[in-house]
Amino acid sequence: MRKTHTAGALRATDEGKSVILAGWVHRRRDFGGLIFVDLRDRYGMTQITLDPQRVPAEVFKAVEGIRAEYVIEVEGTVHLRPEKMRNPKLATGDVEVFATKVIIHNAAKVPPFPIDTDGTDVDENLRLKYRYLDLRRERMARNLTLRHKLIKHMRDYMDRNGFIEVETPILFKSTPEGAREYLVPSRVHPGEFYALPQSPQQLKQLLMVGGIERYFQIARCFRDEDQRADRQPEFTQLDVEMSFVDRDDVMALIETMLVQFTTEQAALHGKRLLYTPFRRLTFAEAMGRYGNDKPDLRFGMEIFDVTVATRDSQFAVFAGAPGVRGIVAPGCAAYTRKQTDELIEFARKEGAKGLVVLHHDPEGIRGSGAGAKLSEAEKAALIAAGGSKPGDLLLLVADAEGIALNALGKLRVEMGTRLKLADPNVLAFAWVVDFPMFTWDKDDSRWVPNHHLFTAPRDEDLDKFETNPGEVKGKQYDLVCNGYEAGGGSIRIHRRDVQLRVMSLLGLSLEEAYKKFGHMLDAFEYGAPPHGGIAPGVDRLAMLFAGEPNIREVIAFPKNQQAADVMLGIPSAATDKQLKELSVSVTL
RNA sequence: GGAGGCGUGGUGUAGUGGUCUAACAUGCUGCCCUGUCAAGGCAGAGAUCGCGGGUUCAAAUCCCGUCGCUUCCGCCA
């Protein structure tokens with residue numbers, strides 16, 4: 001080890017020590033007769049001072065030539081800075097190192113973008129092309145450190161609770177239910193393919209049949225779907241499965257883990273929890289009150305229902321509608337016609353026929369058209385239901401329940417963002433439970449699983465499978481936070497007969513069921529224990545704790561929205577030789 | 001597959017028919033400078049305004065097309 005200290009280590013108490021520091025030149029301040037160099041490494045920054053009276057002329061001359069991002073090694077003595085020259089902004093600001101010897105390990109070209117900023121206003125693809133430079137910025141070092149601490153906490157916590165980490169294969173079987181997969185051609189078996197796992201779901205269930213009882217894995221998952229700010233083609237989950245548990249056991253396990261992490265690492269992320277214990281909502285509540293199955297609970301603005309009060313309205317839009325629901329945008333009564341038109345257009349894009357906008361003035365509720373037609377009783381009902389105050393703006397959708405809740409849910413998020421109602425330093429974790437097991441896919445005319453086809457139904461709903469599938473609720477639970485799905489899990493089916501009934505409902509014949517999932521059905525015939533699990537998303541949790549707007553900021557080498565890596569230039573074409581060996585032909 | 005936003009020196013922006021021979025900040029280069037820490041001062045280099053076509057006497061600016069990036073919808077068992 002060439003360094004005696006890191007660039008973030010030295011304090012006033014180190015005065016007089018001979019030290020060797022090494023790292024990158026963050027910035028150089030050259031006074032002609034005196035040079036300061038800010039030496040940076042992952043741990044911090046230390047000021048190196050070059051006084052021509054204390055260093056040989058050739059050392060001084062060499063330092064005159066160094067530039068930002070040069071890699072240097074400095075030998076010198078720690079000096080206490082004179083009182084007036086201390087820098088309280090720097091952890092090492094009480095001291096400086098008087099260099100006696102400087103080695104230039106490597107020069108550096110001028111970086112294509114600044115490194116001494118947080119980087120948020122640099123074009124992201126440029127950052128990604130030179131990711132090795134981008135990672136030098138303090139923010140990225142902090143994010144990767146936070147991610148490491150989170151994963152370490154997960155491993156330690158799971159270990160303490162009797163879980164063992166078991167690796168599962170990356171070369172897995174194609175199971176065309178669910179997300180699109182990445183395929184890997186087999187050379188040994190021409191024309192046949194492996195698939196990368198969307199998650200280790202089936203394997204971890206088989207580990208339960210294998211008697212592992214408590215499994216976890218920091219697992220890489222692959223999904224060939226279009227990207228979003230919170231989605232990458234490959235991502236990481238804390239994959240967990242346990243035997244002989246109910247859903248409350250799984251939820252309590254993860255909740256405690258996250259509460260402990262938040263408390264223990266508060267200095268690193270500065271976030272606080274809004275709900276301890278985590279809030280719990282049913283799917284129906286989440287949809288009815290927030291129009292969203294992963295609501296941002298950092299602010300209110302709940303959806304209210306005035307269907308009954310407006311049934312006999314003189315205002316035709318309300319009277320003729322299957323329902324009337326709305327939200328109150330606080331302090332927005334002064335919105336201009338242009339602004340309210342924007343909101344109407346927004347609601348239309350989300351599928352609503354329109355949006356009724358009412359201004360709540362000191363004199364009461366007004367609004368073009370509707371304001372004049374609504375009775376005093378209706379206006380009073382609106383104010384009461386929405387908790388509206390003078391100065392607020394009421395946004396109402398008169399439409400079928402599903403359409404109205406969706407549009408209002410999206411508007412709620414939009415208004416919350418515009419009005420900055422969500423505290424960025426707060427994490428509002430919550431559990432959403434009692435999801436419907438199946439939803440009817442109109443396009444394909446079939447039932448599809450809401451979660452996945454291994455989720456167990458509530459015991460009391462078992463007999464509704466054949467009569468009323470839409471009514472069946474699953475033993476599923478989603479972990480949500482600040483408007484993101486941070487994880488999902490369920491108690492699984494562990495009996496072959498129940499599993500086959502689910503598969504049958506989903507339209508799989510016995511033959512197909514065995515072809516795709518025979519390994520699971522077989523396993524269930526050899527004493528499969530009741531079991532369940534969950535898979536919190538590591539990237540999303542790291543993003544939330546780091547306060548970042550997308551998961552790329554907490555991944556060292558992420559792919560862009562086109563699923564490409566602009567640094568590596570991938571994906572890229574394969575050679576004819578490779579393709580031939582794999583018996584694969586490209587039909588471009 | 002669809003919708004919105006963005007694309008102007010290295011970087012981030014301004015400029016939305018003629019005064020643009022393209023501005024500002026920062027970075028970069030050179031010179032001066034012994035207490036700075038976003039150092040300062042002076043001087044300088046650096047842009048065919050994403051690309052292609054069109055309209056016009058005249059296009060960074062208007063129109064059409066196209067490419068790239070990004071956000072969202074679809075998709076994500």
Side-chain angles (χ1 to χ4, degrees), chain A residues 26-40 45-54 60 64 67-69 79 81-90 92-93 96 98 109-117 119-130 133 175-181 197-199 201-202 221-233 235 342 345-346 348-351 406 410 413-414 417 437-439 441 443 447-455 474 476 485 488 490 502-503 506 508 516-517 535 537 549-550 552 560-562 564 566:
Chain A
H26 192 68
R27 201 177 267 124
R28 192 187 57 128
R29 290 176 294 282
D30 188 343
F31 284 76
L34 182 71
I35 303 173
F36 298 106
V37 173
D38 289 335
L39 182 70
R40 182 199 70 230
M45 206 139 65
T46 303
Q47 175 165 287
I48 311 297
T49 305
L50 285 110
D51 186 334
Q53 286 164 3
R54 294 169 187 263
F60 194 84
E64 281 183 319
R67 294 291 182 267
E69 301 309 316
H79 283 248
R81 294 201 203 179
E83 194 74 45
K84 281 184 182 165
M85 292 151 196
R86 298 188 178 172
N87 185 354
K89 284 186 267 184
L90 222 55
T92 62
E96 59 193 329
F98 280 38
K109 287 165 68 171
V110 176
F113 48 72
I115 288 168
D116 55 358
T117 67
T120 43
D121 54 4
V122 179
D123 177 71
E124 199 184 357
N125 266 286
L126 192 65
R127 289 177 58 202
L128 291 178
K129 181 172 177 188
Y130 298 94
L133 292 178
T175 51
E177 302 286 320
R180 202 176 295 117
E181 300 163 318
Q198 305 162 32
S199 87
Q201 180 62 36
Q202 297 173 48
C221 307
F222 306 86
R223 292 179 193 174
D224 184 7
E225 298 291 351
D226 287 347
Q227 309 310 307
R228 290 288 186 281
D230 61 349
R231 281 165 28 186
Q232 279 277 301
F235 60 99
E342 259 175 40
E345 184 52 33
F346 184 93
R348 287 210 174 108
K349 273 187 186 155
E350 293 302 335
N406 172 61
K410 295 277 167 52
V413 172
E414 171 70 16
T417 307
M437 281 264 290
F438 310 106
T439 42
D441 184 337
D443 298 336
W447 291 100
V448 292
N450 186 7
H451 187 212
H452 56 58
L453 76 180
F454 305 110
T455 298
Q476 183 195 341
E485 183 190 327
S490 62
V502 170
M503 288 175 172
L506 299 177
L508 285 169
K516 289 176 180 169
F517 302 109
N550 72 66
R552 297 184 298 274
N560 68 13
Q561 193 168 52
Q562 275 55 246
V566 287

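Per chain, numbering begins at 1; letters A, B, ... match sequence-line order.
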Exercise. Examine the base of B/C75 for any acceptor or donor lying under 3.5 Å from a partner atom in the side chain of A/R231, and report the outcome as yes or no.
Key: yes
Atom CD of A/E414 and atom P of B/C73 are separated, to the nearest Å, by 12 Å
Closest to the 5' end of RNA chain B, once A/G33 and A/P111 are matched to their nearest nucleotides, is A/P111
| How would you label the contact of A/R81 with the nucleic acid (heavy atoms, under 4.0 Å): base, sugar-phosphate, or nothing? | base
Assign A/K89 to base, sugar-phosphate, or nothing according to its heavy-atom contacts below 4.0 angstrom with the strands shown. sugar-phosphate
**Study point:** Check: A/N450 main-chain N/O paired with A/T439 side-chain donor or acceptor under 3.5 Å
**Key:** no
message = Please tell me if A/R348 has a side-chain N or O lying less than 4.0 Å from either OP1 or OP2 of B/C73.
response = no
- Checking all strands, does A/S199 fall into the base, sugar-phosphate, or nothing category for heavy-atom contacts under 4.0 angstrom? base
### Task
Just call it for A/Q562: base, sugar-phosphate, or nothing, with non-hydrogen atoms closer than 4.0 Å on any strand.
sugar-phosphate
Let's test your reading of the model: under 3.5 Å, does the base of B/U70 pair with the side chain of A/R552 as donor and acceptor? no
Requested in this report: With P as the reference atom in both, quote the distance from B/G52 to B/C37 in angstrom, rounded to an integer.
Outcome: 46 Å
Closest of B/C75, B/U36, B/G35 to the A/R29 side chain is B/U36
Minimal heavy-atom distance between A/Q227 and A/N560, with the atoms involved, is CG-O, 3.8 Å
ask   = Does B/G27 have OP1 or OP2 sitting under 4.0 Å from an N or O in the side chain of A/R27?
value = no
Rounded to whole Å, the CG-C1' distance (A/N550 to B/C72) equals 14 Å
message: I'd like to know if A/D226 reaches the base of B/G74 with its side chain such that a donor and an acceptor end up less than 3.5 angstrom apart.
response: yes
Does A/F36 stack onto the base of B/U36, taking stacking as ring centres under 5.5 Å apart and planes under 30° apart?
yes
message: Over all strands shown, is A/N87 touching base, sugar-phosphate only, or nothing at heavy-atom distances under 4.0 angstrom?
response: base
To the nearest angstrom, the CD1-P distance between A/I115 and B/G10 comes to 18 Å
Here the distance between atom C1' of B/U29 and atom CZ of A/R67, to the nearest Å, is 9 Å
State whether the distance check finds a donor on one side and an acceptor on the other, under 3.5 Å, for side chain A/R86 versus base B/G35.
no
### Task
May I ask you to say what A/D30 touches in the nucleic acid, namely base, sugar-phosphate or nothing, with a heavy-atom cut-off under 4.0 Å?
base
